[in-house]
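To start, the structure itself, in structure tokens.
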Amino acid sequence: MVERYNAKEAEPRWQAEWAARELFRTSNDDPRPRYYVLEMFPYPSGRIHMGHVRNYTMGDVVARYKRARGFNVLHPMGWDAFGMPAENAAIQNNVHPKTWTYANIDAMRAQLKVMGLSLDWSREVATCDPSYYRHQQRMFLDFLDAGLVTRKTAKVNWDPIDGTVLANEQVIDGRGWRSGAAVEQRELTQWFFKITDYAADLDARLDTLERWPDKVRLMQRNWIGRSEGLLIGFALDPSTSPSGEDRLDIYTTRPDTLFGARFLAVAPDHPLAKAASERDPALAGFISECRRLGTAQEAIDRADKLGFDTGIRATHPFDPAWRLPVYVANFVLLEYGTGAIFGCPAHDQRDLDFVNRYGLGATPVVCPADQDPDTFVVTDTAYDGDGRMINSRFLDGMSIGEAKEEVASRLEAEVRDGRPVASRKVNFRLRDWGISRQRYWGCPIPMIHCKRCGIVPVPREGLPVVLPDDVSFDQPGNPLDRHPIWRDVSCPSCGGPGRRETDTMDTFVDSSWYFARFTDPHLAEVPTDRAVADSWLGVDQYIGGIEHAILHLLYSRFFMRAMRRVGWVGRDEPFDGLFTQGMVVHETYRDASGAWVQPADVRLEGMSGGRRAFHVKTSEPIEIGPIEKMSKSKKNTVDPDDIIASYGADTARWFMLSDSPPERDVIWTEEGVQGAWRFVQRIWRLVGDAAELPSGAGGDPVAPLRRTAHKTVAAVQDDIEGLRFNRAVARIHELANAIAAELQGGGDPAAIREAVRLTVQLIAPMMPHLAEECWRALGASGEGGTQLVAEAPWPEVDVTLLVEDVITLPVQVNGRKRADITVPRDADALAIEAAVLSLEAVRRAMEGRPPRKVIVVPHRIVNVVA
RNA sequence: GCGGGCGUGGCGGAACCGGUAGACGCGCUGGAUUUAGGUUCCAGUGACGCAAGUCGUGGGGGUUCGAGUCCCUCCGCCCGCACCA
């Protein structure tokens, strides 16, 4: 009897062996074809969680598989190490952010090593290290020179609790993504990366990212928000405008509805609104009302459509006698288009809500096919569907598309005061990326403010601008502002007194290029070696959470383009293949007082419908709640360390791959883990039994088990390539079942030994420690026992075994299965037809009727139609 | 509101192009072995039926020799965006 597989003893031993052999160290000089697999690097929060385990296991399977397939694989790991939690820890626990961060990195690195991941640790980087961020500062200056950096005053999302600016992406339902505080709007001067320069390209190139999930491409497309429209210059009556202004540019995507216009409206911050408010105190009051309302994003979301008539009058571009009022309206955004619109209430819900409040009326100009143009009216619900133009003079009868084209070409051709009245314009929702953060624990922005010279870059030889260590967090705000020694420097240009920029960069900058740095992470003078970077990029397979579908991935795509512009890389797209994995979820538990209880403290009894839960210590009944993402706040977490300590890393890895498709959420259950653990032991038993078989015995080249084993290798190969790990797992189970049956039934010993050996190779990417142990037990490690399974090439599939000589076809009568028939693989349709019709079961089902038709789908199915 | 996705046993899920629905795992039932128990092995496990068989992939309709898969329609759930003109 074979002993149990002892993961606790074996796993560290094999990890040490891999490390000693430097198996996962990647050379940039290796001539083999390259494969770059990368998982999104973690924030060093303190401990790894099950989401990390799932993410890194998937990446590791790919890395180990591709290595076996003969690729020179790059599989690095690092730390997204700047950010607010470190400062929060500093404030709460009086520990320096640097100390806290590096302690966490050490703890998490140790945890990852225990998982047995095939990472090249020699390439590890931490973004908070000056050896990393000096290059980021260098690239900031490069981008500045290339015109990709601007400084502008902008309305920003201000988080009053964290005391910092947030990107639009960091505002969720009007609240700060970390603090949960209601976000306010503030005007601040900020540094921006001009991502909008690439808006069109970032949009267009989404089509070429074929190995990205459609969902992510769509989310990016919506975020970039490309729209085609018309910029129309409405003539203003100068006698009504504040300073004789005679033109107002508006942006519209619906120029076809121009004859349904009822009003124009500008944003409260629009220059025309400001000018008009100076002569009209009531209007000024309305505008400040809008601002007050506008401080909290939440209020904006709920606000009614409010407006104020400026008294300014505009003229319709197609009718000099048609005058339109100009309003200031709270729902018009200054940042989008021109900050001014024309309102067509019949075909835009916001405009309709607006006119219904102010009694301006609505004329429908698009009539749906099922409505009579003479009676079609719009009252409460705007019509934005398809139809024919009505009430629109020369546009009547046209389709929407034709009308858009007609309006555009007429107004383009018409010149007023030496300018065309209108021009076609592609607009984007995407805004420039504000990267300034009023925070200490981030990459310093390498600029110096000088009273005489303005804002001056730190000379490149003066980099890095290193964060000072001696800071305190006893007051709110940015400690860098209160650090005179660091802050006050002489101007690099005139030598006079200067002041460092004390804002630091958004941490999304740090993670926008780490994948490029990994290609040659220890270069001291430059961020990348262009040739080396180009030899690895784009990342062949990037794996991470869907939560980064927009921000991180879009910023990285921008950053690659910017890096290319200044010469650090030679391509635009960072990630050729992207996979977004699902979350790890778990039941939630609460006690009678409503307090969350962690799974480790819960004892479960009963099954499916009648399950009940009790507290392990108090035996108090526990309420079983919904299955949710593992989170500290709901205490429904399972600690990877605990699982690895009880079952071993391989069991945890196997379970992570087995139950659910990788893109879907996986429910962590104790039963599931135990199932995985049992399978580990089962493999170990099969290997032990197979090793005891007499060697040299048997050898049937077409033994059924040989066929099964080789088919499984082919299928698993396919599944891993397609990241269908759950199916690969199921197939390995089937092979194990087949082997067990052959062992039981005294099957061909040579075939069994081969099948077991193949099984070990199939599990090697997933359960690498167990596989090594089995490999050695099977004596597969070659002369002198020197070769590890991690070094072995992927098994060659014997393709002749994949094709059977005889096949079994299901036989249907009228689409209902009645029998099976076994025929030679190359049997012709007529022969099969005759054989099928003579089957007893078929005759019975035909009830004496003659067959009308017999459909023979080669190698698939036979259907007799009665 | 706009955009997208998904509904298959008690549960997680398989089913590539329309071709044997329910692979594989979990759970459960019965039996065997061993044990203090976990373990291991064998058999069973969509529903109804003694059986032959009938029904069955959210509901209804359609296309087809044949539909979980394609089309129409309704219902339910989930995700993303949200005053973007």
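Proteins come first, then strands; the chains are lettered A, B, ... in the order of their sequence lines, and each starts at number 1. Hydrogens, waters and symmetry mates are skipped; everything else that's a heavy atom, side chains included, is used.
Base pairing of B:G18: no nucleotide in any strand meets the Watson-Crick or G-U wobble criterion (both distances under 3.5 Å). Across every strand in view, B:U34 sits unpaired, with no contact that passes the Watson-Crick or G-U test at under 3.5 angstrom. Base pairing analysis places B:G7 opposite B:C75; the two distances defining the Watson-Crick or G-U wobble pair are each below 3.5 Å. B:C50: no Watson-Crick or G-U partner with both key distances under 3.5 Å is found in any strand. Applying the Watson-Crick and G-U wobble criteria (two distances, each under 3.5 Å), B:G44 pairs with B:C28.
In terms of phosphate contacts, A:Asn726 brings a side-chain nitrogen or oxygen within less than 4.0 Å of OP1 or OP2 of B:A14. Between A:Tyr336 and B:A85 there is a side-chain polar atom (N or O) within less than 4.0 angstrom of OP1 or OP2. Between A:Arg844 and B:G53 there is a side-chain N or O to OP1 or OP2 distance below 4.0 Å. One finds a side-chain N or O of A:Asn737 lying less than 4.0 angstrom from the OP1 or OP2 phosphate oxygen of B:G25. Residue A:Arg816 places none of its side-chain N or O atoms closer than 4.0 Å to OP1 or OP2 of B:G66.
Distance, A:Ile855 CD1 to B:C65 C1': 3 Å, rounded to whole Å. Between the CD1 atom of A:Ile627 and the P atom of B:C77 there is a distance of 17 Å, given to the nearest Å. Remark: P of B:C6 and CG of A:Asp665 are 15 Å apart, rounded to the nearest angstrom. Separating the OH atom of A:Tyr647 from the P atom of B:U39 is a distance of 11 Å, rounded to the nearest angstrom. We find that CG of A:Leu352 is positioned 19 Å from P of B:C83, with the value rounded to whole Å. Distance, A:Arg852 CZ to B:U64 P: 13 Å, rounded to whole Å. When rounded to the nearest whole Å, the span between CG of A:Asp348 and C1' of B:A82 equals 14 Å. One atom, CE of A:Met583, and another, C1' of B:C78, lie 11 Å apart when rounded to the nearest Å.
One C1' atom belongs to B:U45, the other to B:A23, and the distance between them is 15 Å to the nearest Å. Atom C1' of B:C74 sits at a distance of 29 Å from the matching atom of B:G12, rounded to the whole Å. Here, B:G19 and B:G66 have their C1' atoms 7 Å apart, quoted to the whole Å. B:U57 sits 4 Å from B:U8 when the C1' atoms are compared, rounded to a whole Å. Comparing B:G58 with B:G76, their C1' atoms sit 7 Å apart, to the nearest whole Å. Between the C1' atoms of B:G9 and B:G68, the separation comes to 14 Å (whole Å). As rounded to the nearest Å, B:A47 and B:G22 have P atoms that lie 14 Å from one another. With C1' as the reference atom, B:U29 and B:C65 are 41 Å apart, rounded to whole Å.
There is a side-chain donor-acceptor pair under 3.5 Å between A:Thr363 and A:Arg262. No hydrogens or angles considered: a donor-acceptor pair under 3.5 Å links the side chains of A:Arg682 and A:Asn737. No hydrogens or angles considered: a donor-acceptor pair under 3.5 Å links the side chains of A:Thr822 and A:Thr808.
Nearest-nucleotide mapping onto RNA chain B: of A:Gly815 and A:Ile546, the residue sitting toward the 5' end is A:Gly815. Nearest-nucleotide mapping onto RNA chain B: of A:Gln681 and A:Ala676, the residue sitting toward the 5' end is A:Ala676.
Using a 4.0 Å heavy-atom cutoff across all strands shown, A:Ser660 reaches sugar-phosphate atoms only and no base atom. Within the 4.0 angstrom heavy-atom criterion, no nucleotide atom of any strand lies near A:Val862. Residue-level contact check: A:Leu218 touches the backbone only, with heavy atoms under 4.0 Å from sugar-phosphate atoms and none from bases.
Considering only side-chain atoms of A:Arg818, the nucleotide from B:C81, B:C79, B:G53 that sits closest is B:G53. Side chain of A:Arg685, nearest nucleotide from B:G19, B:A23, B:C41: B:C41. Checked against B:C26, B:A85, B:A82, the side chain of A:Glu671 finds its nearest nucleotide in B:C26. Proximity note for A:Ala730 (side chain, C-beta onward) versus B:A82, B:C79, B:C24: the nearest is B:C24. Distances were taken from every side-chain heavy atom of A:Arg678 (C-beta onward) to each of B:C81, B:U40, B:G25; the shortest belongs to B:U40. Candidate nucleotides B:G3, B:G12, B:C83 were compared by shortest atom distance to the side chain of A:Lys305, and B:C83 ranks first. For A:Asp659, counting side-chain heavy atoms from C-beta on, the closest listed nucleotide (B:C81, B:G3, B:G25) is B:G25. With B:C65, B:C42, B:G13 as the candidates, the nucleotide lying closest to the side chain of A:Gln744 is B:C42. In this structure, the nucleotide among B:G38, B:C41, B:G19 sitting nearest to the side chain of A:Gln812 is B:G19. Listed nucleotides: B:G19, B:C79, B:U40. Nearest to the side chain of A:Lys215: B:C79.
Base orientation at B:C6 is anti, since its O4'-C1' glycosidic dihedral falls outside 90° of 0. In this structure, B:G37 shows a glycosidic angle more than 90 degrees from zero, which is the anti conformation.
Side-chain rings of A:Trp212 and A:Phe579 stay apart, their centers remaining 6.0 Å or farther from each other. Side-chain rings of A:Tyr358 and A:Phe263 stay apart, their centers remaining 6.0 Å or farther from each other.
Not one N or O on the side chain of A:Arg226 forms a donor-acceptor pair closer than 3.5 Å with the backbone of A:Ile224.
Residues A:Val584 and A:Met656 are in side-chain contact: their nearest non-hydrogen atoms beyond the backbone lie under 4.5 Å apart. A:His586 places a side-chain heavy atom less than 4.5 Å from the side chain of A:Val638.
With respect to the salt-bridge test (charged N to carboxylate O, under 4.0 angstrom), the residues A:Glu228 and A:Arg424 do not qualify.
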